[in-house]
Amino acid sequence: MFRLLDDSNWIFIFFYGSLAVVLSWMASGCHLGNYTEDPPPSQNNPDFISGYYLSRPQSIRFYASTYQNSTHQAEATLSFIPAEISGTMSNPVILMMQDLQLGTAVLATSNGRNPLPVSVHPDLSLSESWSTTPRTYWNDPRCQTYLEVSETGAVTQDPSTPPPPNFGHSILGTIQIRFQVITQFIGSCQPTFQALANCYQDLNQCGGTDGPSNIQIQNQVLANFDALIQLKLITPADIPNIVNYAYEASYL
């Protein structure tokens with residue numbers, strides 16, 4: 001499974017604070033046995049947007065750019081959707097408004113985990129974009145990496161939408177959304193990329209203290225680049241020339 005860099009949970013780290021809001025909202029329903037009745041909006045709480053929505057994965061496409069000014073792309077099977085997105089986009093997914101006037105909200109799993117920020121506009125379209133703080137890549141302070149994330153989509157409200165089997169909440173409609181996540185690199189990254197390329201192709205060049213440590217290091221390298229190579233976006237020889245790589249995951 002393809003992962004971003006050597007830490008697939010970067011996006012989640014920034015938004016765990018939203019989780020308490022989601023869980024407090026879920027806990028405000030009336031519990032009847034195993035069934036939870038969702039609280040209706042009221043004049044004191046005029047929120048007709050927060051709730052559960054169906055959203056199924058539709059496609060995943062990967063991109064890779066190298067210093068030869070070439071960008072290649074390929075569609076993959078849905079199992080390649082990285083965990084930082086698939087870990088949030090359960091079906092159904094929660095859309096929880098945080099500020100109705102500003103339109104700030106979060107998306108989270110149906111049990112309130114792994115929140116991601118999103119903005120909801122008056123026409124119920126969705127958008128969001130941000131960048132993570134640059135951080136050291138692969139223990140090389142000369143090479144920094146960060147993520148650029150954008151979201152676009154829309155909410156379609158339809159109270160007649162049937163819930164999934166054995167799901168004890170009403171469904172407010174569907175969410176269509178596309179995530180774009182770009183991994184950017186800055187600084188002098190080629191020496192590290194060359195070392196990773198050497199390790200990818202030869203276990204004995206991974207720099208470990210023994211065989212097991214070399215295997216562990218090579219597995220980390222594989223986790224970063226193997227999907228791009230499987231999809232023929234790059235070859236192992238292209239790793240030192242990588243400028244950035246990205247994916248787009250669509251849900252409907």
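Computed from a prediction, not measured in an experiment: that's the story for all the values here. Along the sequence shown, residues are numbered consecutively beginning with 1.
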Checking [X] now: which residues fulfil side-chain hydrogen bond (donor to acceptor under 3.5 Å, both in side chains) with it, not counting sequence neighbours?
{"X": "D210", "answer": "S213"}
{"X": "S127", "answer": "H121"}
{"X": "Q205", "answer": "D202"}
{"X": "N198", "answer": "Q194"}

Restricting to non-hydrogen atoms, name the atom on [X] and the atom on [Y] that form the minimum distance, rounded to 0.1 Å.
{"X": "V93", "Y": "T88", "result": "CG2-O, 3.8 Å"}
{"X": "F225", "Y": "I242", "result": "CE2-CD1, 3.6 Å"}
{"X": "G173", "Y": "T161", "result": "CA-OG1, 3.6 Å"}
{"X": "M89", "Y": "I177", "result": "CE-CG2, 3.9 Å"}
{"X": "I234", "Y": "A64", "result": "CG2-CB, 3.8 Å"}
{"X": "G207", "Y": "N214", "result": "N-OD1, 3.5 Å"}

Are [X] and [Y] connected in the hydrophobic side-chain network, where two residues link if heavy atoms are under 4.5 Å apart?
{"X": "V118", "Y": "L252", "value": "no"}
{"X": "L196", "Y": "L203", "value": "no"}
{"X": "L222", "Y": "Y245", "value": "yes"}
{"X": "M96", "Y": "F167", "value": "yes"}

Taking side-chain contact (heavy atoms from CB on, under 4.5 Å) as the test, write out the residues that go with [X], two or more places apart.
{"X": "T104", "value": "Q98, D99, L102"}
{"X": "N244", "value": "S65, I182, Q184"}
{"X": "L124", "value": "I49, V120, V155, Q157"}
{"X": "P57", "value": "L78, I81, Y251"}

Does anything in residues 189-216 pair up under ring-ring contact (aromatic ring centres under 6.0 Å, His included), and if so which pairs, sequence neighbours excluded?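 For residues 189-216: Y137-F193, F185-F193.
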
Do the non-hydrogen side-chain atoms of [X] and [Y] ever get within less than 4.5 Å of each other?
{"X": "L100", "Y": "D47", "answer": "yes"}
{"X": "Y63", "Y": "L233", "answer": "no"}
{"X": "I175", "Y": "L54", "answer": "no"}
{"X": "I171", "Y": "P92", "answer": "yes"}
{"X": "T235", "Y": "I229", "answer": "no"}
{"X": "L116", "Y": "V106", "answer": "no"}
{"X": "H169", "Y": "P163", "answer": "no"}
{"X": "Q144", "Y": "T136", "answer": "yes"}

With rounding to the nearest 0.5 angstrom, report the [atom1] to [atom2] distance, [X] to [Y].
{"X": "E128", "Y": "L107", "atom1": "CD", "atom2": "CG", "result": "10.0 Å"}
{"X": "S90", "Y": "N114", "atom1": "OG", "atom2": "CG", "result": "9.0 Å"}
{"X": "Q220", "Y": "I215", "atom1": "CD", "atom2": "CD1", "result": "12.5 Å"}
{"X": "R56", "Y": "Q176", "atom1": "CZ", "atom2": "CD", "result": "14.0 Å"}

Passes side-chain contact (heavy atoms from CB on, under 4.5 Å), E84 versus F179? Steps please. CA-CA 11 Å; E84 59 264 20; F179 299 90; over 6 Å; no

Listed once per pair and sorted, the disulfide (SG to SG under 2.5 Å) pairs that draw on residues 173-205, sequence neighbours left out: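 As it turns out, the disulfide (SG to SG under 2.5 Å) pairs with a partner in residues 173-205, which skip direct neighbours, are C143-C189, C199-C206.
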
Residue pairs fulfilling disulfide (SG to SG under 2.5 Å) with at least one residue in residues 217-252, sequence neighbours excluded: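 Listed once each, the pairs would be none.
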
E148: which residues meet the salt bridge (Lys or Arg N to Asp or Glu O under 4.0 Å) condition with it, sequence neighbours left out?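 E148: no salt bridge (Lys or Arg N to Asp or Glu O under 4.0 Å) contacts found.
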
With a cut-off of 6.0 Å (strictly less than), are more than 12 heavy atoms of other residues, nucleotides or ligands near CZ of R61?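 Result for CZ/R61: enclosed.
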
Would you check, one step at a time, whether the test side-chain contact (heavy atoms from CB on, under 4.5 Å) holds for Q216 with N219? CA-CA 5 Å; Q216 184 178 15; N219 286 337; 5.6 Å; no

Between S50 and M97, is there a donor-acceptor pair closer than 3.5 Å when you use the side chain of the first and the backbone of the second?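 Confirmed, S50 side chain pairs with M97 backbone.
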
Working for side-chain contact (heavy atoms from CB on, under 4.5 Å), residues Y53 and T174: CA-CA 5 Å; Y53 293 84; T174 59; 5.7 Å; no

Show your working on side-chain hydrogen bond (donor to acceptor under 3.5 Å, both in side chains) between D140 and T192 and close with a plain yes or no. CA-CA 7 Å; D140 182 358; T192 291; 2.4 Å; yes

CA sep, side-chain torsions, deciding dist, call: E151, R178, salt bridge (charged side-chain N to carboxylate O under 4.0 Å, His left out): CA-CA 6 Å; E151 305 166 17; R178 183 188 69 172; over 6 Å; no

Evaluate the side-chain contact (heavy atoms from CB on, under 4.5 Å) criterion for residues T183 and T145: first the C-alpha distance (whole Å), next the side-chain angles of each, then the deciding distance (0.1 Å), finally the verdict. CA-CA 7 Å; T183 302; T145 186; 3.6 Å; yes

Are N241 and T66 close enough that a side-chain donor and a side-chain acceptor fall under 3.5 Å?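 No pair is found: no donor N or O on one side chain lies under 3.5 Å from an acceptor on the other.
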
Please work out which of the three classes, parallel, tilted or perpendicular, describes the rings of F62 and Y247, given edges at 30° and 60°.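 Geometry flag for F62 against Y247: tilted rings.
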
